[in-house]
Amino acid sequence: AVALEHALERKQPPAHRVLAGHRLVVDFLEHEVAVAGFFRHRAVPLDLGRAFLYLLAGKIEKGAALRTVENYGHAIIRFFEFGSNLPADKRVTSAGDITDEVVREFRLWMNRQKVRPVNGVPATMSKKTQNHYLTALRVFLKFLAKRGISSLASDRIDLAKIPERTIDLITPDELTRLLDAPKGDDVKSLRDKAILETLFSTGLRVSELCSLPRDISINSEELSIRG
């Protein structure tokens, strides 16, 4: 239970958080009492909690990124906690209690959640973040359906429409100044220039560039990238 507590409340590095939850899923019968206590403390129905843990384990086994699994877990737990605090006639105590009306209330609740001010102006949860929560809920509902557990159909949940993001492109002069910024022939300057040229020439993400192996063949003119 302590491992799961840490896993879901961000008290360990991402990999440890997810793997801690995974171990409890694998050994669920051994830890049934402890896990039941964890979910009961949050007023989360045990059947939903058990399904939630197996969903996360399945994602890990299929090779999903640990950060993705972690984000799913956080979003679904937030929905569980919301559902447990609804009035008695709407409270989510089983999978069958997840209805259109509950999801509508959840949307309204998210719209009212205050977040860090933007440029000093009070702000609420963005549509993008709301869609992340709704996507995680749809994944969970689809998982319930595959296991034959009756609940709301996942396709009943529509995502909010988000305006297309406008990209502020740099000018040719700005690009030239950027590429010419590293000066000198020392190792650091040559490294920085190689980084900038590689990013511009290939369109790599920074994380992809950082994960490149050291033994790159300069003559092949090819790079193997794993995103």
Side-chain angles (χ1 to χ4, degrees), residues 4-5 7-10 17-18 21-22 24-25 28 32 35-62 64-116 118 122-165:
L4 183 59
E5 181 89 32
L8 298 178
E9 293 193 354
R10 302 170 175 269
R17 285 199 296 273
V18 177
H22 188 211
L24 282 184
V25 172
F28 187 86
E32 176 107 24
V35 173
F38 173 86
F39 285 114
R40 186 165 53 247
H41 174 66
R42 285 158 178 75
V44 175
L46 181 57
D47 286 347
L48 289 181
R50 183 186 289 110
F52 160 74
L53 289 177
Y54 278 110
L55 167 64
L56 295 190
K59 289 292 181 183
I60 294 172
E61 290 166 357
K62 290 179 180 178
L66 293 176
R67 177 65 69 179
T68 298
V69 177
E70 175 194 346
N71 289 340
Y72 275 147
H74 177 69
I76 295 170
I77 280 291
R78 287 290 295 273
F79 174 77
F80 285 165
E81 292 175 339
F82 165 81
S84 68
N85 289 315
L86 289 172
D89 59 330
K90 297 180 182 178
R91 189 168 301 149
V92 177
T93 59
S94 68
D97 293 331
I98 304 176
T99 63
D100 288 321
E101 179 63 19
V102 169
V103 173
R104 189 184 74 84
E105 294 281 352
F106 186 51
R107 286 180 183 273
L108 293 174
W109 176 81
M110 288 191 293
N111 272 315
R112 292 192 293 265
Q113 297 309 296
K114 295 181 180 179
V115 297
R116 184 179 302 172
V118 178
T124 55
M125 186 184 293
S126 69
K127 294 295 183 184
K128 182 178 180 180
T129 302
Q130 291 181 39
N131 279 349
H132 161 69
Y133 280 85
L134 294 174
T135 297
L137 180 56
R138 290 204 302 193
V139 169
F140 182 64
L141 292 174
K142 188 177 294 186
F143 177 79
L144 293 179
K146 286 182 178 180
R147 293 179 68 89
I149 301 173
S150 179
S151 189
L152 181 69
S154 61
D155 58 9
R156 298 283 297 174
I157 301 178
D158 294 324
L159 302 182
K161 292 183 178 180
I162 300 176
E164 291 187 8
R165 186 178 63 177

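Only heavy atoms go into these numbers, but all of them, side chains included; no hydrogens, no water, no symmetry mates. Fair warning: this is a prediction, and the values are worked out from it, not measured in the lab.
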* Asked: Would you say Phe79 and Ile98 make side-chain contact, with heavy atoms under 4.5 Å?
  -> yes
* Sequence neighbours left out, what passes side-chain contact (heavy atoms from CB on, under 4.5 Å) with Lys142? Give chain and number order. => Lys146, Ser154
* Structure fact -> Residues at least two apart in sequence or cross-chain that pass side-chain hydrogen bond (donor to acceptor under 3.5 Å, both in side chains) with Arg138, listed by chain then number, are none
* If we ignore angles and hydrogens, is there a donor and acceptor under 3.5 Å between the side chains of Thr135 and Asn131? -> no
* Asked: For the atom pair CD (Glu101) and CZ (Arg104), what is the distance rounded to the nearest 0.5 Å?
  -> 4.5 Å
* To do: With sequence neighbours excluded, tell me which residues meet side-chain hydrogen bond (donor to acceptor under 3.5 Å, both in side chains) with Arg91.
  => none
* Leu134 vs Leu159 side-chain heavy atoms within contact, under 4.5 Å -> yes
* To do: Check whether any side-chain heavy atom of Leu152 lies under 4.5 Å from a side-chain heavy atom of Ile157, and answer yes or no.
  => yes
* Could I get the full list of side-chain hydrogen bond (donor to acceptor under 3.5 Å, both in side chains) partners for Thr124, not counting sequence neighbours? => none
* Asked: How long is the span from the CD1 atom in Ile77 to the CZ atom in Phe80, to the nearest 0.5 Å?
  -> 6.0 Å
* Tell me, with the steps shown, if Ile76 and Phe143 meet side chain to side chain contact (heavy atoms under 4.5 Å, CB included). => CA-CA 12 Å; Ile76 295 170; Phe143 177 79; over 6 Å; no
* **Minimum side-chain heavy-atom gap Lys127-Asn111 below 4.5 Å** => yes
* **For Asp100, salt bridge (Lys or Arg N to Asp or Glu O under 4.0 Å) partners two or more places apart** => Arg156
* To do: Would you please name every residue forming a ring pair (Phe, Tyr, Trp, His ring centres under 6.0 Å) with Tyr133, sequence neighbours left out?
  => none
* Side chains of Asp97 and Val102 in contact at under 4.5 Å (non-hydrogen atoms) -> no
* **Residue pair Gln130 / Phe106, side-chain heavy-atom distance below 4.5 Å** => no
* Qualifying residues under side-chain contact (heavy atoms from CB on, under 4.5 Å), relative to Ala145, sequence neighbours excluded -> none
* Asked: Of the non-hydrogen atoms in Ala136 and Ala75, which two are nearest, and what is the gap between them?
  -> CB-CB, 3.6 Å
* To do: Report the residues that fulfil salt bridge (Lys or Arg N to Asp or Glu O under 4.0 Å) with Glu105, sequence neighbours left out, ordered by chain and then residue number.
  => Lys90
* Only counting residues at least two apart or in another chain, list the ones meeting side-chain hydrogen bond (donor to acceptor under 3.5 Å, both in side chains) with Arg112. => none
